[in-house]
Amino acid sequence: MQSTTFRADAVLFDMDGTLTDSIAAVEAAWGAVAVDLGLDPETVIAATHGKRAIDNLAFYRPEIKAHEMDAAVEAFEQSILDFADSFKKREARRRSSGESSPGFSAHAGSGTGESTPVLSPTSAFSSRSGSLSTPASPTDSSIGARRPSFATRLSDVLASAIPEDSIHPVFDESTDDKHADEERVDADIEAAWETEAEAADRSIRILPGVKDMIECIPEGRYAVATSGAKTYAYGAMTRVGITPPPVTITADDKRLKAGKPAPDPFLLAASCLGFDAERCVVFEDSPSGIRAGVASGATVIAVCTSHERSKIEGCGAHFIVEDMRRVRCRTEGEGAGMRLVFTVEH
């Protein structure tokens, strides 16, 4: 392993997957949209990662009218926070009532006092209250590897929930029988979803090295530029003890003409801080965000906190590290002439 030292004026952070780990809740929310539309959750989750909810909803829910979009985005992003919070709320209620935690049993959502919301085909977004990942407190030491994806967890549950005869139907059955089988499979999928939602923890967590990095950077020298809208972005950061900086560029900022992979969010963030983006450092985790950072002219440090290294190696990042613990920052000089000195172990 080698180390490289360089200087910059300011830092531009992505949020989800870079500062916070709310991937599990985000994947569950997009997975819910996929199930609601009859699409493959894994495909939808992969296609939406690192992009603005407004762009994703416009693509997958074209029936949402322009004047309805802001409300739809806000409601969708509130559903992410609901996913993240619901497990702890249910566990607290169970502890107070003396109930035991549920396992992976059919229709686990029933009888809990806080069931997973039912998907509505006419809703502007798909909302399900639940959680998905191994429980952990929001501390650096609690996080080791990336959390299992929603699609992987749901697929495992589906494999045991759908009867074998539904997967291999008899070819000479009647049309009515086929419809009955299709309805039974749909019901099994819905039950598997409810089971997964009830049993897993999708709480938002702070990622390794983030707290130390933020504490090293003087106020006014860092910003957040995220593909999340204000409801989600501020909600996620405050849940893990991060105070949103004065310059926090969210997806619903009307000054933005385009979201990532366009460089606009980072260019706007740098401008609001009073620095040239080319003299800034961007921390990112997603392919679209990395490309946005590179296009802005900044020095890009990619963290492998949501994607395997092989998935982001070709996106143009100047450095790729496992997480922010591989990067150190100190200040040099004072006042307007202060520089941030970074050492990257890569």
Side-chain angles (χ1 to χ4, degrees), residues 4 6 8-23 26-27 46-53 55-56 143 146 205-210 213-214 217 221-229 232-233 236-237 240 242 244-245 247-251 253 256 258-273 275 277-329 340 342 344-346:
T4 301
F6 64 93
D9 288 336
V11 181
L12 312 176
F13 292 107
D14 171 52
M15 188 197 72
D16 195 29
T18 301
L19 298 178
T20 64
D21 176 10
S22 52
I23 295 296
V26 173
E27 287 186 347
T48 55
H49 187 77
K51 300 175 184 176
R52 300 187 301 173
D55 297 327
N56 290 327
I143 304 171
R146 282 173 290 274
R205 305 183 296 186
I206 192 168
L207 283 163
V210 169
M213 179 60 66
I214 290 177
I217 306 172
R221 291 295 185 122
Y222 70 94
V224 170
T226 175
S227 295
Y232 166 49
M237 284 189 279
V240 298
I242 297 174
V247 178
T248 296
I249 307 300
T250 55
D253 192 311
L256 290 175
K260 303 172 187 177
D264 301 37
F266 291 126
L267 292 173
L268 178 58
S271 176
C272 290
L273 287 176
F275 298 104
E278 294 182 358
R279 297 173 67 87
C280 292
V281 173
V282 163
F283 282 92
E284 259 288 358
D285 72 297
S286 71
S288 63
I290 293 168
R291 293 188 179 100
V294 172
S296 75
T299 298
V300 178
I301 301 176
V303 290
C304 301
T305 46
S306 66
H307 291 75
E308 299 290 344
R309 179 180 289 264
S310 61
K311 301 295 185 183
I312 58 177
E313 281 181 328
C315 297
H318 300 83
F319 303 97
I320 301 178
V321 296
E322 188 63 25
D323 56 51
M324 225 171 280
R325 290 175 294 188
R326 296 294 185 184
V327 185
R328 299 191 304 276
C329 177
L340 302 178
F342 289 90
V344 182
E345 297 178 356
H346 57 101

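Numbers here simply count residues along the sequence, with the first being 1.
Atoms SG and CG, from Cys272 and Asp253 in turn, are 7.5 Å apart once rounded to the nearest 0.5 Å. Taking CG of Leu267 as the start and SG of Cys280 as the end, the distance is 9.5 Å to the nearest 0.5 Å. Going from atom CG of Leu256 over to atom CD1 of Ile249 covers 6.5 Å, rounded to the nearest 0.5 Å. Atom CD1 of Ile214 is separated from atom CD1 of Ile242 by 4.5 Å, given to the nearest 0.5 angstrom. Here His307 contributes atom NE2 and Ile290 contributes atom CD1; the two are 8.0 Å apart, rounded to the nearest 0.5 Å. Interatomic distance, Ser286 OG to His49 NE2, rounded to the nearest 0.5 Å: 5.0 Å.
Counting non-hydrogen atoms of other residues, nucleotides and ligands closer than 6.0 Å to CZ of Arg221 gives a total above 12.
Side chain of His346 to backbone of Val321: no donor-acceptor contact under 3.5 angstrom is found. Not one N or O on the side chain of Asp21 forms a donor-acceptor pair closer than 3.5 Å with the backbone of Arg205.
For Ser296 against Ala277, the heavy-atom pair with the smallest separation is O-CB, 3.6 Å. Closest heavy-atom contact between Ser227 and Ala251: O-CB, 3.2 Å. Shortest non-hydrogen contact noted between Ala269 and Ala225 is CB-CB, 4.3 Å.
Annotation: side-chain hydrogen bond (donor to acceptor under 3.5 Å, both in side chains) contacts involving residues 258-272, sequence neighbours excluded, comprise Asp14-Lys260, Lys260-Glu284.
Annotation: side chain of Cys304 is in contact with side chain of Ile312 (closest heavy-atom distance under 4.5 Å). Between Val224 and Pro244, every side-chain heavy-atom pair lies at or beyond the 4.5 Å cut-off. At least one side-chain heavy atom of Leu273 sits under 4.5 Å from a side-chain heavy atom of Leu12. Within the 4.5 Å cutoff, no side-chain heavy atoms of Met213 are placed close to those of Val11. Side chains of Asp16 and Tyr232 form a contact here, defined as non-hydrogen atoms less than 4.5 Å apart. Two residues are said to be in side-chain contact when any heavy atoms from C-beta on lie closer than 4.5 Å; Asp323 and Leu207 fail this criterion. Annotation: side chain of Val300 is not in contact with side chain of Phe266 (no heavy-atom distance under 4.5 Å).
By the ring-ring contact (aromatic ring centres under 6.0 Å, His included) test, Tyr222 is found to be paired with no residue, residues two or more places apart in sequence or in another chain being considered. With sequence neighbours left out, the side-chain hydrogen bond (donor to acceptor under 3.5 Å, both in side chains) criterion links Thr250 to Asp252. Checked against side-chain hydrogen bond (donor to acceptor under 3.5 Å, both in side chains), Asn56 has no partners two or more places apart in sequence or in another chain. Looking at residues two or more places apart in sequence or on another chain, you find no salt bridge (Lys or Arg N to Asp or Glu O under 4.0 Å) involving Glu313. Scored by the ring-ring contact (aromatic ring centres under 6.0 Å, His included) test, Phe342 finds Phe6 as partners (sequence neighbours excluded).
A salt bridge links Glu345 and Arg328; the closest N-O separation between the charged side-chain nitrogens and carboxylate oxygens is under 4.0 Å.
Asp285 and Thr18 share a side-chain donor-acceptor pair at under 3.5 Å.
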